[in-house]
Amino acid sequence: PPLRRTTFFTGQPKLMSITSKPLSTNLLLLAILYLLGTSSFAASNPFDDASAAYQRGDYVEAIKLFRQLAAQGHQWAQRRLGLIYAEGKGVPQDHQEAVKWYRLAAAQGNTPAQYSLGLAYEKGQGVPQDYQEAVKWYRITAAQEDEWAQTRLGSLSAEGKGVPQDYQEAIKWYRLAAAQGYAPAEYSLALAYEKGQGVGQDYHEAMKWYRLAAAHGTEFAPVNLGVMYAKGRGVRQDFVRAYMWFTVASAAWSGDSRA
C-alpha cells in the first residue's frame with residue numbers, strides 16, 4: 001500500500017512513517033542519557049560529603065569520613081586530616097599528628113602537603129625546627145610551581161635560614177611567585193627594590209610592585225604606598241595621596257571595606 005502522507009502548515013508533504021521512527025528513537029536515546037547523567041551526579045562522593053560536613057561545622061562526621069578515606073590511601077583526605085589536627089577543629093590540636101598525615105600525603109606527591117611539611121619544619125611545629133629540612137620540602141613544592149613555596153624560599157634566602165644569605169636568589173624566587181600574581185611575593189619584591197637588596201635601589205619599581213601587592217590584597221602594601229607618597233619616593237610628594245593610602249590600610253586592618 002502507498003505510504004500515508006500528511007500536510008503541515010507549511011504546505012509541504014511529509015512522510016509520517018519515515019520521520020516518526022527516528023524521532024521516537026532520538027527521544028529514547030535522550031531519555032537514557034538524561035537518566036545516566038542524573039544518576040552519575042547523584043552518586044555520592046565521600047570526600048565531598050566529608051568536606052561539606054566540615055564546612056557546616058559537623059567536625060565529628062567530617063573527621064570520621066576523612067579517616068575512612070585516609071585509611072584507603074586518599075591523599076587529599078590525609079592532607080585535610082593534617083590541617084584539622086594543626087588547627088585543632090573537632091580534635092585537640094596536635095601538630096605531631098598533623099605532620100604524620102602530611103607525610104603520608106606528601107609521599108604520594110601531594111603538593112599542598114609537601115608545602116605544609118616545609119612550613120612545619122620552618123616553624124618547628126610537630127617536628128624540631130630545621131630550616132634545611134624546610135628548604136628541602138619547599139624546593140620540592142616550588143619545582144611544581146607552587147607560589148607559596150617559592151615565596152618562602154625567597155624569604156629564607158634573604159634571611160640566610162637553611163641556606164647561605166643570598167638576596168639575588170631571594171629575588172629569583174620572588175619573581176617566580178609574583179609572575180603568578182601572588183601578593184606576598186609582589187610585596188617582597190617591592191621591599192627589595194625600595195631597600196636595594198638583590199637589585200639596584202629603584203623607588204619607581206618599588207612603587208609598581210607595592211601597587212600590585214595592594215591591588216591583590218596585601219594589607220601592608222597600602223602603608224608602604226602612603227610612606228612613599230609622604231616622602232616623595234618614586235612619585236611626587238603628595239600628602240593627600242599618602243593620607244588616602246593610610247586610610248585604606250586602616251580600613252583593611254579594622255575590617256571596614258567601605259574605604
Side-chain angles (χ1 to χ4, degrees), residues 47 50-51 54 59 62-63 66-67 69-189 191-192 197-198 213 216-220:
F47 184 81
S51 298
Y54 185 83
Y59 299 128
I63 292 168
F66 280 136
R67 278 191 181 282
L69 290 168
Q72 298 167 26
H74 194 296
Q75 59 176 283
W76 290 102
Q78 291 168 343
R79 193 254 174 174
R80 287 297 295 272
L81 277 175
L83 290 177
I84 288 171
Y85 275 102
E87 295 170 358
K89 289 187 175 179
V91 291
Q93 189 177 51
D94 188 335
H95 289 294
Q96 288 184 328
E97 187 72 8
V99 167
K100 181 190 86 173
W101 291 110
Y102 292 151
R103 285 195 193 283
L104 289 170
Q108 298 189 65
N110 187 281
T111 302
Q114 292 167 341
Y115 173 81
S116 295
L117 263 183
L119 198 61
Y121 275 107
E122 183 184 354
K123 294 184 175 182
Q125 293 181 332
V127 288
Q129 190 174 52
D130 187 333
Y131 292 123
Q132 290 183 330
E133 192 69 11
V135 168
K136 183 192 88 173
W137 284 106
Y138 285 147
R139 286 190 184 278
I140 291 171
T141 314
Q144 300 169 66
E145 299 183 353
D146 183 275
E147 65 273 26
W148 290 30
Q150 290 167 342
T151 303
R152 293 310 309 144
L153 281 172
S155 297
L156 291 175
S157 295
E159 296 168 11
K161 292 180 176 179
V163 290
Q165 188 177 51
D166 187 336
Y167 290 118
Q168 291 183 332
E169 182 73 5
I171 293 295
K172 180 192 83 173
W173 290 113
Y174 292 150
R175 286 196 190 283
L176 288 170
Q180 300 186 62
Y182 188 51
E186 294 168 339
Y187 179 77
S188 295
L189 263 182
L191 279 175
Q197 292 180 332
H216 292 153
T218 302
E219 60 182 7
F220 294 111

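In what follows, residues are counted from 1 in the order of the sequence shown. These numbers come from the heavy atoms of this one structure, side chains and all, not from hydrogens, waters or symmetry mates.
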Closest heavy-atom pair and its distance - [X], [Y]:
| X | Y | answer |
| --- | --- | --- |
| Val135 | Lys161 | CG2-O, 3.9 Å |
| Ala106 | Trp137 | CB-CZ3, 4.1 Å |
| Gly118 | Ala134 | O-CB, 3.3 Å |
| Ala192 | Ile171 | CB-CD1, 3.4 Å |
| Ala77 | Leu69 | CB-CB, 3.6 Å |
| Ala105 | Ala113 | CB-CB, 3.6 Å |

What distance do [X] atom [atom1] and [Y] atom [atom2] have between them, rounded to the nearest 0.5 Å?
| X | Y | atom1 | atom2 | result |
| --- | --- | --- | --- | --- |
| Tyr138 | Leu119 | OH | CG | 4.0 Å |
| Asp146 | Gln114 | CG | CD | 9.0 Å |
| Tyr174 | Thr151 | OH | OG1 | 8.0 Å |
| Leu117 | Gln125 | CG | CD | 12.0 Å |

Would His74 and Gln72 count as a side-chain contact (heavy atoms from CB on, under 4.5 Å) if you check the C-alpha gap in whole Å, the side-chain angles of each, and the deciding distance to 0.1 Å?
CA-CA 6 Å; His74 194 296; Gln72 298 167 26; 5.5 Å; no
Looking at side-chain heavy atoms only, is the closest gap between [X] and [Y] below 4.5 Å?
| X | Y | answer |
| --- | --- | --- |
| Asn110 | Tyr102 | no |
| Arg79 | Ile84 | no |
| Glu169 | Val163 | no |

Got a list of side-chain donor-acceptor pairs under 3.5 Å for residues 180-189, not counting sequence neighbours?
{"unit_1": "Gln180", "atom_1": "NE2", "unit_2": "Glu145", "atom_2": "O", "d": "3.1"}
{"unit_1": "Gln180", "atom_1": "NE2", "unit_2": "Gln150", "atom_2": "OE1", "d": "3.1"}
{"unit_1": "Glu186", "atom_1": "OE1", "unit_2": "His216", "atom_2": "ND1", "d": "2.8"}
{"unit_1": "Glu186", "atom_1": "OE2", "unit_2": "His216", "atom_2": "ND1", "d": "3.0"}
{"unit_1": "Tyr187", "atom_1": "OH", "unit_2": "Asn224", "atom_2": "OD1", "d": "2.9"}
{"unit_1": "Ser188", "atom_1": "OG", "unit_2": "Pro184", "atom_2": "O", "d": "3.0"}

Going by side chain to side chain donor-acceptor pair (under 3.5 Å), name the residues that satisfy it together with Thr111, two or more places apart in sequence or in a different chain.
Gln144
Is the backbone of Tyr167 close enough, under 3.5 Å, to the side chain of Gln197 for a donor and an acceptor to pair up by distance?
no
Can you confirm whether more than 12 heavy atoms, excluding those of [X], are under 6.0 Å from its [atom1] atom?
| X | atom1 | result |
| --- | --- | --- |
| Gln93 | CD | yes |
| Gln168 | CD | no |
| Glu87 | CD | yes |

How would you list all residue pairs meeting salt bridge (Lys or Arg N to Asp or Glu O under 4.0 Å) that involve residues 112-131, not counting sequence neighbours?
Glu122-Arg152
Examine His95 together with Tyr85 and report whether their ring centres are nearer than 6.0 Å.
no
Indicate, with yes or no, if the rings of Tyr59 and Tyr54 have centres closer together than 6.0 Å.
yes
Go through Gln78 and Gln108 one step at a time and tell me if the side chain to side chain donor-acceptor pair (under 3.5 Å) criterion holds.
CA-CA 10 Å; Gln78 291 168 343; Gln108 298 189 65; 3.0 Å; yes
For a side-chain contact (heavy atoms from CB on, under 4.5 Å) check, start with the C-alpha distance between Phe47 and Phe66, then their side-chain angles and the critical distance, and finish with the verdict.
CA-CA 7 Å; Phe47 184 81; Phe66 280 136; 3.6 Å; yes
Quick one: do Gln165 and Ser157 satisfy side-chain contact (heavy atoms from CB on, under 4.5 Å)? Show the steps, please.
CA-CA 5 Å; Gln165 188 177 51; Ser157 295; over 6 Å; no
Starting from the C-alpha separation in whole Å, work towards a yes-or-no answer on side-chain contact (heavy atoms from CB on, under 4.5 Å) for Leu153 and Arg139.
CA-CA 7 Å; Leu153 281 172; Arg139 286 190 184 278; 4.0 Å; yes
